[in-house]
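All remarks here apply to the structure that follows.
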Number of protein chains: 2
Amino acid sequence: MSHQLSPEEISPAGVDFLPGLALDFVIFGFHQNQLKILLLEYRNTGLFALPGGFIRQNENLNDAARRVLAERTSLTDIFLEQFYTFGDLARYDVAPMRAIMEAKGITPTDNHWLLRRFVSVGYYALIDFTKAVPIPDSLSDTCTWYELTALPTLIQDHRLIVQKALETLRADLDRNLTGFNQWAAPLLSDIFTMADLQRLYETILGQPLHRSSFQRKMLSLGILERLDKKYSGGAHKAPYLYRFRTNSPVPIK
Amino acid sequence: MSHQLSPEEISPAGVDFLPGLALDFVIFGFHQNQLKILLLEYRNTGLFALPGGFIRQNENLNDAARRVLAERTSLTDIFLEQFYTFGDLARYDVAPMRAIMEAKGITPTDNHWLLRRFVSVGYYALIDFTKAVPIPDSLSDTCTWYELTALPTLIQDHRLIVQKALETLRADLDRNLTGFNQWAAPLLSDIFTMADLQRLYETILGQPLHRSSFQRKMLSLGILERLDKKYSGGAHKAPYLYRFRTNSPVPIK
DNA sequence: GGCTATTGTCTCATTCTGCGACAATAATAA
DNA sequence: TTATTATTGTCGCAGAATGAGACAATAGCC
């Protein structure tokens, strides 16, 4: 986990937060055949971590997740999915966290609350990375998109968390596709072509898909609405445009 | 959540446990076309709850789950699956918990740690209910199997937790089938017929399945080993016996 | 030795999926 | 205006997967 604290909040006991419980985020960013995730970097330490946060005493768990995500991406009303809760003792190595704090000029006592054990609830999101304005938290220096295929070494068990998030994203893509698009900053533009959608799928699944089978499957999901308009782009046949149905039927498994 | 504490542990601050974090269990029990779950009852209160527990300071989350489950069922080495973490504020209504403690002769202070907010990690298991010896925890009076189709009213959000566990159990049944059987107290007896397996599926999924299609599908999963022996049961053709392969291949989705 | 309920397997129709074919077409170039 | 070209929508086919019934084999019972 990591931290959306203001500097004043670091030294006190973090008393406004639920103790020992954190949130970790795997924020997938898609745009034009690229899949990235958002990472924090701690200068002078060479350490990278997933964005994270804590839960306020009077805040729902899922609301806390939405709040922290908004703080990191400046995007509100994001579609978030909880995917696993990580609670191994081994996952929390105090050395990196101590290095991060000392690089910030803080010398924590041995039982500083940030150096204790945390259980962390993992969430993932999928957004258009051109629409986010990444903002580092108070302990980190940069908050940047990294290609999923070229991630730096991450602290703690964050590599495992990314892996599990990716598996869940892939497995539930059909089911969550509408969700990713019905919020403030949709993943695809409001209207899009079948080719746009296919590029999204291919990038996330990491494999090419056959065009006609893909079209057939997408239409059979019943979540798309075909618009009668056409495109004005390249020197070739104009594709139909689509948008996601509101109140789309939930696909039956 | 609920509690595996000894009476002495109730009044102190539960200092050995991670604060604010609990475990809730949906322990499915199967036997001969019956699907039940394990519930605790608190006498003199009419309240029913899922078994639950807490995590020790120096204990892995999943190990804590295994420990508590062993305490409730006397079964060690159980196959457990984490399925969701529940963190709404509304889920923790203090009134039932206070009633439970007062029925036990304890008068908790307003900020007693058991009356504070808990975030709870949900786990489910699936065992043969004839092999468990249910043991109530220190706050409850009985620990009993209840038919899933006739559950009493549960405290807090426990009905929702059961619902979500059942959905996950059904969705992941193929994938976890070997898991449920390769531990100390297997779900099915060591060797079993295809009809036994079909009854298990029909009971869990809550719908009848076609015999020949079911057989074809089960064999195609590649997790069964057919034994050349035969049965000696009724006045009819003897079925083959099966057992689960060790090192069965993971079914590809 | 016949009877009967259950089992293993086969077959057939239907649906789903992978994959290529082909005509339609929209902008550009000639 | 016409030819060119890349891309698109759809169709068709082969193979796989699935639903559903048919039928012979058989193990114990009377």
Side-chain angles (χ1 to χ4, degrees), chain A residues 32-33 170-171 173-175 177 188-189 191-245 249-253, chain B residues 32-33 170-171 173-175 177 188-189 191-245 249-253:
Chain A
Q32 284 178 347
N33 295 13
R170 286 176 171 169
L173 187 53
D174 289 351
R175 196 169 51 80
L177 191 56
L188 296 168
S189 50
I191 49 181
F192 51 88
T193 68
M194 195 57 80
D196 293 333
L197 192 56
Q198 186 172 345
R199 273 191 292 274
L200 172 69
Y201 262 76
E202 289 179 334
T203 304
I204 289 173
L205 299 181
Q207 60 180 352
L209 301 172
H210 287 273
R211 192 174 57 88
S212 68
S213 303
F214 179 79
Q215 164 131 335
R216 186 172 47 197
K217 178 188 154 182
M218 281 301 120
L219 293 180
S220 78
L221 290 180
I223 61 176
L224 296 181
E225 180 180 359
R226 178 180 279 186
L227 305 176
D228 210 54
K229 307 175 200 169
K230 306 224 166 182
Y231 203 51
S232 85
H236 47 71
K237 182 172 178 178
Y240 284 107
L241 293 173
Y242 297 88
R243 71 173 159 218
F244 288 98
R245 265 209 235 287
V250 178
I252 303 157
K253 183 61 204 167
Chain B
Q32 285 179 345
N33 294 16
R170 286 175 170 169
L173 186 53
D174 288 351
R175 194 169 53 79
L177 190 57
L188 296 168
S189 49
I191 49 180
F192 51 88
T193 67
M194 195 57 80
D196 292 334
L197 191 57
Q198 186 172 345
R199 273 191 292 272
L200 172 68
Y201 263 74
E202 290 179 335
T203 304
I204 289 173
L205 299 181
Q207 59 180 352
L209 301 171
H210 286 273
R211 192 173 58 91
S212 69
S213 303
F214 180 78
Q215 163 130 336
R216 185 171 50 196
K217 178 188 155 186
M218 281 301 119
L219 294 179
S220 78
L221 290 179
I223 60 176
L224 295 182
E225 181 180 359
R226 177 181 280 185
L227 305 176
D228 211 53
K229 307 177 202 169
K230 306 224 168 182
Y231 203 50
S232 86
H236 48 72
K237 184 171 177 179
Y240 283 107
L241 292 173
Y242 296 88
R243 70 173 159 220
F244 287 98
R245 267 208 234 287
V250 179
I252 302 157
K253 185 61 206 170

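All values reported here derive from a predicted model rather than from experimental measurement. Worth knowing before you read on, the calculation uses all heavy atoms, side chains too, and leaves out hydrogens, waters and symmetry mates. Letters A, B, ... are given to chains in the order of the sequence lines, protein chains preceding strands, and every chain is numbered from 1.
- Every side-chain contact (heavy atoms from CB on, under 4.5 Å) that Glu202(B) has, sequence neighbours left out, goes to Gln198(B), Pro208(B), Leu209(B).
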Contacts under 3.5 angstrom, residues 212-227 of chain B side chains, donor-acceptor by atom type, not counting sequence neighbours:
from	atom 1	to	atom 2	distance (Å)
Lys217(B)	NZ	Asp174(B)	OD2	3.3
Ser220(B)	OG	Lys217(B)	O	2.8
Glu225(B)	OE1	Arg243(B)	NE	3.4
Arg226(B)	NE	Tyr242(B)	OH	3.1
Arg226(B)	NH2	Tyr242(B)	OH	2.9

Along nucleotides 20-25 of chain C, 5' to 3', which nucleotides get a B, which get an S, and which get a -, given that the test is a protein heavy-atom distance under 4.0 Å?
BB--BB
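- One can place OH of Tyr240(B) at 11 Å from C1' of dA25(D), the figure rounded to the nearest angstrom.
- Using modelled atom types, no side-chain atom of Ser189(B) and backbone atom of Phe192(B) make a donor-acceptor pair closer than 3.5 Å.
- Rounded to an integer number of Å, the gap from CZ of Phe214(A) to C1' of dC11(D) is 19 Å.
- Note: CD (Gln215(A)) to P (dT17(C)) measures 15 Å, nearest angstrom.
- Of all non-hydrogen atoms in Thr203(A) and Asn33(A), the two that sit nearest each other are OG1-CA, 3.3 Å.
- The overall bend of the helix from dG1(C)-dC30(D) to dA30(C)-dT1(D), read as the angle between its terminal helix axes built from five base pairs each, is 10° when rounded to 10 degrees.
- Donor-acceptor pairing under 3.5 Å, judged by distance alone, is present between the side chain of Arg216(A) and the base of dG18(C).
- Residues Arg170(B) and Ile204(B) approach most closely at NE-O, 2.8 Å, considering heavy atoms.
- Shown here are the side-chain contact (heavy atoms from CB on, under 4.5 Å) partners of Ala171(A), two or more places apart in sequence or in another chain: there are none.
- The two residues Leu200(B) and Leu188(B) make their nearest non-hydrogen contact at CD2-CD1, 4.3 Å.
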Pairs under 3.5 angstrom, nitrogen or oxygen only, protein versus nucleotides 14-16 of chain D, please.
none

